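The model shown is predicted, which means the values in this text are computed figures rather than measured ones. A note on names: the letters A, B, ... follow the listed sequences, proteins ahead of strands, and every chain is numbered from 1.
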Amino acid sequence: EAAVTQSPRNKVAVTGGKVTLSCNQTNNHNNMYWYRQDTGHGLRLIHYSYGAGSTEKGDIPDGYKASRPSQENFSLILELATPSQTSVYFCASGTGVATEVFFGKGTRLTVV
Amino acid sequence: QQKVQQSPESLIVPEGAMTSLNCTFSDSASQYFAWYRQHSGKAPKALMSIFSNGEKEEGRFTIHLNKASLHFSLHIRDSQPSDSALYLCAVSRNTGNYKYVFGAGTRLKVIA
């Protein structure tokens, strides 16, 4: 079973602070994704990556940056956190061919 | 930009009933169509997928795809309480960027 690990699992941040969400996969998958999940919106794509050193904007990238320093690691960075970024964030990995993507357990972020 | 919509938003069915979930998409170049299931508080997990027009059956689950109508569906035969979950449809192209766009989900509750 493919393994995607997210940290932290829960985070409370203050408005205007910097937040970094981390994701590690041991599947040797080329593609990695960051989604946020809000009631009524399903999963919305923030950033994704085709491999180490690459990042691409998803459908809702504003207010977020991403970093892919290695095949295994993909981070999501909120430079100036706002209450509207309160959500559950999921990281996922996939082979790059249109097949199943594997999700981590999610990070619940609350910005106060 | 790909638009993916699901219906209904929520559904309550009795145990043993047939359940039908719908997904429409806007990009006629889409080539990968999948259903994911997410139990409460858990990560989404792939249920089944299809690439070509027609239907595919796996156990109690059947997926139908009609590309001309930009529509695919999931049918659950003999629904069980353990099927209660949020069902997300996902669509992507098979070439180029492997962006998976998800619908907002259908929340299914199966009552015993």
Side-chain angles (χ1 to χ4, degrees), chain A residues 1-7 9-10 21 23-25 27 29-51 54-62 66 74 87-108, chain B residues 1-10 21-27 29-52 56 58 63 65 67 72 85-107:
Chain A
E1 178 83 2
V4 179
T5 304
Q6 294 182 231
S7 62
R9 294 292 316 281
N10 290 281
L21 306 183
C23 180
N24 175 273
Q25 55 105 356
N27 313 313
H29 286 164
N30 289 330
N31 286 16
M32 295 186 75
Y33 307 85
W34 276 107
Y35 290 90
R36 63 178 283 178
Q37 186 173 37
D38 305 285
T39 303
H41 291 281
L43 290 163
R44 291 184 289 174
L45 182 63
I46 306 170
H47 284 288
Y48 60 107
S49 168
Y50 295 128
S54 90
T55 60
E56 303 288 336
K57 292 182 179 180
D59 298 322
I60 54 163
D62 292 346
F74 190 38
S87 187
V88 179
Y89 292 84
F90 285 98
C91 176
S93 73
T95 61
V97 180
T99 57
E100 176 180 2
V101 289
F102 297 88
F103 286 86
K105 294 184 176 181
T107 294
R108 183 172 296 277
Chain B
Q1 183 174 332
Q2 172 88 267
K3 301 291 184 191
V4 178
Q5 293 186 301
Q6 291 187 237
S7 64
E9 288 186 12
S10 63
L21 310 177
N22 299 293
C23 186
T24 60
F25 54 95
S26 62
D27 183 358
S30 299
Q31 294 180 287
Y32 167 80
F33 309 88
W35 286 95
Y36 284 71
R37 182 167 67 182
Q38 184 180 22
H39 287 109
S40 183
K42 304 294 186 183
K45 186 170 171 59
L47 194 56
M48 60 189 305
S49 60
I50 193 168
F51 287 89
S52 54
K56 178 180 176 182
E58 291 181 0
I63 188 170
L65 171 63
K67 287 187 181 181
F72 66 111
L86 181 69
Y87 288 79
L88 298 156
C89 64
V91 182
S92 81
R93 294 187 174 190
N94 201 20
T95 56
N97 71 59
Y98 301 103
K99 267 175 56 172
Y100 297 82
V101 181
F102 287 81
T106 293
R107 189 162 297 282

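- For the options A:L43, A:T39, A:D38, heavy-atom pairs under 4.5 Å to chain B are most numerous at A:L43.
- The contact between B:Q38 and chain A is made entirely by side chain atoms (from C-beta outward), counting heavy-atom distances below 4.5 Å.
- With contacts defined as side-chain heavy-atom distances shorter than 4.5 Å, the pair B:L86/A:Q37 qualifies.
- Between A:F90 and B:P44, the shortest heavy-atom distance links the atoms CE2-CD, 3.8 Å.
- For the set B:G41, B:A43, B:G103, the count of heavy-atom pairs under 4.5 angstrom toward chain A peaks at B:A43.
- Put simply, the side chain of A:Y48 does not reach to within 4.5 Å of the side chain of B:Y100, judged on heavy atoms.
- Counting only distance, with no hydrogens or angles, the side chain of B:Y36 and the backbone of A:V101 share a donor-acceptor pair below 3.5 Å.
- Shown here is B:R107, whose CZ atom has no more than 12 heavy atoms of other residues, nucleotides or ligands within 6.0 Å.
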